[in-house]
Q: 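Below you will find the structure I want to go over with you.
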Amino acid sequence: MKQDGEEGIPQFHVATPKEVREGKTTDIYFVRTKEILEKKGLDRRVKAEFIAKGFHDDWPWAVFAGLEEILSLVKGLPLTIRAVPEGTIFKPFQPVMEIEGNYKDFCLLETAILGLMCQSTGVATKAARCKKAAEKRSVLSFGARRVHPLLTPMIDRSAFIGGCDGISALKGAELLGIEPTGTMPHALILLMGDTVEAAVAFDEIVDEKVARVVLIDTFNDEKFEAIRLANALKERLYAIRLDTPSSRRGNLKHMIEEIRWELDIRGFSHVKIFVSGGMNEYKIQQLNPYVDAYGVGTAISNAPVVDFSMDIIEIEGHPIAKKGKMSGSKRVYRCLSCFKTYVTYGEMGNVCECGGKLETLLNPVLARGNVVTALPHPRDIRSYVLSQLEHFSL
Ligand code: PCP
């Protein structure tokens, strides 16, 4: 039987992990560079560092992500890497990773390493911004349908470590060791022919531990659907979800305020309000007074990437870097009290100008190809991000 990609057989247009490790996703100019250096016998030992000169939308900070996949890519190679822990909140011009080794041993992997870092850091940062904006309210990542399915597990992991309280797709949840979270699609209500009928069927059939969150914008006015539903499911109704199409949204905040009022005066103050469709950190801040949870798709899964660059900063032990770049192998310290960050050339004491204790952030993760750092569970990375978020504003 003909395989995917054989003449006339459609295929997924992706590289395999093996091809990525072989450098098959590299930019051609690195292949030519390697050939020239080899023909000229220029096998140089270098240090190269990864920084971002700025972030999209003037985000003041970003959440570093992608390290575990990078270690999976380079493990076993004669390289030594220092990096900040995954989930570290960092600022522009602050090194997040440094590779040391013979340039020829990793030059065909620069493209892939940057790809792993740039996309997941963008997604994790947007997730953290939405979580920061939502304060104590839940933020669920519903963006699997907006990206190439072979990437959804990475997108979901980045959204989760960035701060999302849950994700909707199966594989991502499996990788994270959590239950996938979801409500119900419009399709169920259309096929059942009525919102309340669909809710009752959901309540009859779906596992008790799944919160009864019912979509109310398929057919009729959301306020009257909410009242009908609450009267039908009473205490079993956990929340209503509004995914109202933009053509009908008008003033969404007022609509939700009205629904909240109508539910409360009828004794249904236990029913929570869940909103999805076009949500991002700015819309979340506007709707917070009346909303208990958010479903965010595109804004997180298709977050702008963080434009990291990898630049040589040392050749054969001598500091050297291109124009616009500071040479030399650096140290990164952060104060555990005021969260001020210092980037230095050489060691500095462990006391911040505020008197707080300094921690080093850029620490060994790979030593001559061996992973020398514990890989925290995504849940712990998420807790690390949430603990830092308290010290950073949007
Ligand atoms: C989508 C789905 C996601 C929403 C939109 C993500 O709704 O419910 O929660 O939206 P965003 O990408 O704009 O943030 P529909 O496309 O109406 O799908 P369904 O009927 O399956 O809920």
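It should be emphasised that the depicted structure is a prediction, and the values quoted were computed from it without experimental measurement. Just follow the structure's listing: the first ligand is 1, and inside any ligand the first atom is 1.
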Q: Considering heavy atoms of the protein only, find what lies nearest to atom 12 (O) of ligand 1 and give residue, atom and distance to 0.1 Å.
A: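 Here the nearest protein heavy atom works out to Thr298 OG1, 2.6 Å.
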
Q: Please list the nearest protein heavy atom to atom 1 (C) of ligand 1 with its residue and the distance rounded to 0.1 Å.
A: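 Closest protein heavy atom to atom 1 (C) of ligand 1: Arg145 NH1, 3.7 Å.
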
Q: If the plane angle is over 60° it's perpendicular, under 30° parallel, otherwise tilted; pick one for Phe12 and His148.
A: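 The rings of Phe12 and His148 stand perpendicular, inter-plane angle above 60°.
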
Q: What's the spacing between Lys131 NZ and Glu281 CD if we round to 0.5 Å?
A: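 Between Lys131 NZ and Glu281 CD, I get 14.5 Å after rounding to 0.5 Å.
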
Q: Suppose we call two aromatic rings close when their centres sit under 6.0 Å apart. Are Phe90 and Phe50 close by that rule?
A: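 Not close enough - the centres of the two rings lie 6.0 Å or further apart.
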
Q: Please determine if Gly278 has a nitrogen or oxygen closer than 3.5 Å to a nitrogen or oxygen of ligand 1.
A: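 Yes - when backbone and side-chain N and O of Gly278 are compared with those of ligand 1, one distance drops under 3.5 Å.
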
Q: For the ring pair Phe392 and Phe339, is the centre-to-centre distance below 6.0 Å?
A: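 Yes, ring centres under 6.0 Å apart.
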
Q: Below 4.0 angstrom from a heavy atom of Gly277, which ligand 1 atoms are there? Numbered from 1 as shown, please.
A: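 Atoms satisfying the 4.0 Å criterion: 10 (O), 13 (O).
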
Q: Say whether Gly297, considering both its backbone and side-chain N or O atoms, lies within less than 3.5 Å of an N or O atom on ligand 1.
A: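 Yes.
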
Q: Note the single closest protein heavy atom to atom 9 (O) of ligand 1, along with its residue, its atom name and the distance in Å.
A: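 Its nearest protein heavy-atom neighbour is Phe142 CD1, 2.9 Å.
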
Q: Counting non-hydrogen protein atoms only, what is the nearest one to atom 19 (P) of ligand 1? Give residue, atom name and distance.
A: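 Answer for atom 19 (P) of ligand 1: His186 ND1, 3.5 Å.
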
Q: Give the residue and atom name of whichever protein heavy atom lies nearest to atom 7 (O) of ligand 1, and the separation in Å to one decimal.
A: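 That would be Asp243 OD2, 3.1 Å.
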
Q: Nearest to atom 10 (O) of ligand 1 by heavy atom, Arg146, Arg241, Met279: which?
A: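 Residue with the shortest heavy-atom distance to the ligand atom: Arg146.
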
Q: For the residue pair Ser327 / Tyr345, report whether a side-chain donor-acceptor contact shorter than 3.5 Å exists.
A: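 No, Ser327 and Tyr345 have no side-chain donor paired with an acceptor closer than 3.5 Å.
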
Q: For the NZ atom of Lys40 and the CD atom of Glu35, what is their distance to the nearest 0.5 Å?
A: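 Interatomic distance, Lys40 NZ to Glu35 CD, rounded to 0.5 Å: 11.5 Å.
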
